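Just so we're on the same page: letters track the sequence lines, and every chain starts at 1. Computed from a prediction, not measured in an experiment: that's the story for all the values here.
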Amino acid sequence: MSAQTFVRLTGITKNFGGVHALKGVDLDISASEVVALVGHNGAGKSVLVQILSGVFPPSSGEIRVMGEPVSFHSPNDARHHGIETIYQTLALADNLDAPSNFFLGRELRTRFGFLDKRRMAEAAGKALADLNPSFTDIERPVRQMSGGQRQAVAIARAIHFDVRVLIMDEPTAALGPHETAQVSTLIRRLREQGIGILLVSHDVRSVIDLADRIVVLKAGEIVGTMTAAETDEDSVVDMIIRGRRREPADGSAP
Amino acid sequence: MSPRAQELFSRFFIKPPLVPLLILASFIPGFWSMGNMRILAEAISVDGIVVIGMTIVMIAGGFDMSVGAVMALGGVAAVVLLPHGLAVSVLAAGAFGALAGTLSGTLVTRLRINPFISTLAVMVMVRGAILAYTDTRPVVSLDDMFLALGEGRPVPYAFMIMVAVAITAHVWLNGRPWGRHVYAVGADETAAAMSGLRVGRLKLQCYLISGALAGFAGMLLAARLGTGSPIIGESTPLSAAAAALIGGASLRGGEGSVGGAMIGLVFVGGLVNAMNLLGVASYYQSMVIGGMLFALVVADGAFLRLRSS
């Protein structure tokens with residue numbers, strides 16, 4: 001692939017006590033590329049997501065960002081390297097309003113270190129209006145907002161700051177058809193802007209049309225990588241279940 | 001009425017019914033007298049400083065059972081260290097409190113022990129230590145400067161200090177990034193951690209502040225009484241929690257405000273003061289405060305619901 005490789009994972013393992021959640025995963029994410037990471041619940045998808053977004057470190061293996069080896073000690077380290085994550089749970093503080101969630105952990109400050117509430121409300125309002133022009137009443141606790149609005153807050157804060165790689169964990173699991181279509185449009189737009197996107201889902205159907213490349217994880221190992229254009233839903237599902245291709249006769253290796 | 005006006009009305013008339021209480025209390029002869037107002041101000045100012053710390057801890061999703069024992073610790077430390085100067089004495093009261101708070105915070109964040117149990121353990125340890133040190137006897141001070149700190153006319157110094165602490169805490173909670181982080185941690189620790197907040201450090205800071213304020217409040221009480229007593233503050237954790245809960249805090253965390261807690265404080269303090277004037281025996285007063293706390297906890301619903309995160 002000619003595009004620049006933003007993130008390269010090599011030999012990533014993760015053990016929890018005696019449980020080997022990841023057994024040596026290699027994964028690249030490049031500019032303007034949508035990679036779908038699929039697999040059953042418990043295959044290790046969310047462990048990989050949490051390693052890549054800095055929630056905890058791998059047991060062994062290497063993470064390179066723009067070719068440089070990095071180690072993440074907190075989600076802030078990953079963010080500093082342009083890796084943003086939208087969690088399935090959205091990771092919003094329900095009691096705070098949209099601007100506070102938008103800037104949580106990287107608040108805009110006045111000269112004296114106080115919250116610059118006006119600037120935060122303006123910036124968050126603009127970013128949210130970009131995603132959804134009808135989303136205006138942002139200064140209320142996000143617990144009072146709809147699922148789509150909450151998702152918009154989580155997405156807006158992930159893409160607002162210089163993002164190279166966007167990780168989306170089950171991006172459409174909690175959304176209706178209309179909102180799912182909006183998220184799909186957004187993913188295509190971000191891809192055009194040169195962002196690398198990792199879509200993580202157990203539902204192949206929801207990601208196969210968006211992805212350039214599909215990576216199948218099973219029991220902590222990558223059991224196959226396919227080019228989306230050259231495969232179909234049945235083949236991917238088959239690989240998720242059996243951990244290999246349906247028949248050797250169908251040809252080209254990845 | 002605008003939502004803001006509705007909220008204000010609720011704060012003063014319904015949750016808690018502060019204005020109705022004060023109107024009813026007007027029928028008690030002497031309630032609004034200067035002398036009684038001074039007594040009320042003195043009574044609530046020491047507790048109020050503790051309530052502010054408790055509120056911060058509760059917003060962060062915790063609880064501090066140790067505040068009463070730490071008050072006693074602060075009072076005793078202040079009196080014992082007075083020969084080294086007033087500044088040393090005042091600072092030591094806060095520092096000993098901060099140390100106890102740090103211990104609580106460490107138990108909660110590093111060993112992940114439930115806040116009630118952690119701070120209960122610290123409460124018992126601190127109480128045991130000062131009872132042992134003082135041989136269960138109060139320590140007495142006759143230092144003029146120290147005793148003057150417990151005075152102040154017409155407004156007690158302790159009351160002015162409490163107001164200053166409350167304003168500072170309010171501004172920090174609402175105007176600084178730190179305050180937002182405390183609210184976020186209290187609402188959803190996982191979400192806060194995923195947003196890059198240092199959850200453990202923030203919670204530890206809250207317990208440290210609560211401890212320091214309790215120690216400092218204990219020093220002010222000792223200055224007023226001229227005595228550092230090892231046994232004061234037994235019921236303080238619960239009355240402080242009552243004021244914070246009345247003021248909108250929740251045992252589930254993420255809710256509450258210093259302003260609300262101050263209204264809760266005046267309500268609880270006014271109720272106790274009115275009962276004193278009516279000659280209600282302190283045993284019955286305990287029952288009233290305890291019953292109120294029980295009702296508040298039930299209303300809060302923390303023990304009926306599972307945490308939603």
Side-chain angles (χ1 to χ4, degrees), chain A residues 46 49-50 52-56 72-81 83-110 112-118 120 124 137 139-144 150 153-154 157-158 161 167 169, chain B residues 2-4 6-7 55-56 58-62 109 167-203 247-257 260 300-302 305-309:
Chain A
S46 64
V49 167
Q50 290 181 81
L52 194 48
S53 51
V55 175
F56 45 66
F72 300 150
H73 301 288
S74 90
N76 276 340
D77 294 342
R79 286 164 150 195
H80 284 311
H81 285 94
I83 299 173
E84 293 277 347
T85 307
I86 302 166
Y87 295 95
Q88 184 177 4
T89 58
L90 303 182
L92 300 175
D94 272 343
N95 55 344
L96 300 182
D97 63 7
S100 299
N101 270 291
F102 192 92
F103 287 103
L104 191 58
R106 40 192 169 188
E107 287 80 5
L108 301 180
R109 292 154 196 247
T110 63
F112 306 105
F114 288 90
L115 292 167
D116 196 337
K117 293 181 187 176
R118 199 169 51 84
M120 282 166 51
D137 187 11
E139 287 182 67
R140 59 196 163 119
V142 297
R143 86 159 74 79
Q144 295 172 10
R150 292 163 53 86
V153 175
R157 78 164 167 187
F161 305 90
I167 304 167
D169 191 5
Chain B
S2 75
R4 180 95 190 115
Q6 268 180 22
E7 196 195 314
T55 302
I56 294 172
M58 288 179 74
I59 291 171
T109 57
I167 290 170
T168 308
H170 174 84
V171 168
W172 244 247
L173 280 170
N174 292 285
R176 305 284 297 196
W178 181 83
R180 286 290 152 89
H181 299 170
V182 170
Y183 276 96
V185 164
D188 191 335
E189 274 185 31
T190 314
M194 284 171 167
S195 302
L197 304 186
R198 298 171 74 169
V199 174
R201 198 173 74 160
L202 278 161
K203 284 165 67 176
S250 165
L251 291 170
R252 290 185 307 279
E255 304 290 333
S257 66
D300 185 47
R305 261 171 261 167
L306 291 171
R307 283 188 75 117
S308 59
S309 55

In terms of heavy-atom proximity below 4.5 Å to chain A, should B:Ala184 be classed as side chain, backbone, both, or neither?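 Contact with chain A: backbone and side chain both.
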Given a strict heavy-atom distance threshold of 4.5 Å, which part of B:Trp178 is in contact with chain A: side chain, backbone, both, or neither?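 Neither the backbone nor the side chain of B:Trp178 comes within 4.5 Å of chain A.
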B:His170: side-chain hydrogen bond (donor to acceptor under 3.5 Å, both in side chains) partners, not counting sequence neighbours: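 Partners of B:His170 by the side-chain hydrogen bond (donor to acceptor under 3.5 Å, both in side chains) criterion, ordered by chain and then number, come out as B:Asn174.
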Run the side-chain hydrogen bond (donor to acceptor under 3.5 Å, both in side chains) test against A:Asp169 and tell me which residues pass, sequence neighbours left out.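 Once residues adjacent in sequence are excluded, A:Asp169 has no partner under the side-chain hydrogen bond (donor to acceptor under 3.5 Å, both in side chains) criterion.
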Could you tell me how the ring of A:His81 sits relative to the ring of A:Phe72: parallel (under 30°), tilted (30 to 60°) or perpendicular (over 60°)?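 Tilted: the ring planes of A:His81 and A:Phe72 meet at 30° to 60°.
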Name the orientation class of the two ring planes belonging to B:Trp172 and A:Phe114 (parallel below 30°, tilted from 30 to 60°, perpendicular beyond 60°).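 The rings of B:Trp172 and A:Phe114 stand perpendicular, inter-plane angle above 60°.
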If I measure from the heavy atoms of chain B, does [X] come under 4.5 Å with its side chain, its backbone, both, or neither?
X        : answer
A:Tyr87  : side chain
A:Phe112 : backbone
A:Leu96  : side chain

When you compare the side chains of A:Ser100 and B:Tyr183, does any donor N or O come within less than 3.5 Å of an acceptor on the partner?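 No donor-acceptor contact under 3.5 Å links the two side chains.
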Given the options A:Arg157, A:Arg106, A:Arg109, A:Arg143, which has more heavy-atom pairs under 4.5 Å with chain B than any of the others?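 With the most close heavy-atom pairs to chain B, the winner is A:Arg109.
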Chain B contacts, top residue of A:Ser74, A:Gly105, A:Ser53, A:Gly54 (heavy-atom pairs, under 4.5 Å):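 Highest number of heavy-atom pairs under 4.5 Å: A:Gly105.
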Check whether more than 12 heavy atoms from other residues, nucleotides or ligands sit under 6.0 Å from atom CZ of B:Arg176, and answer yes or no.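 For B:Arg176, atom CZ is crowded (more than 12 foreign heavy atoms under 6.0 Å).
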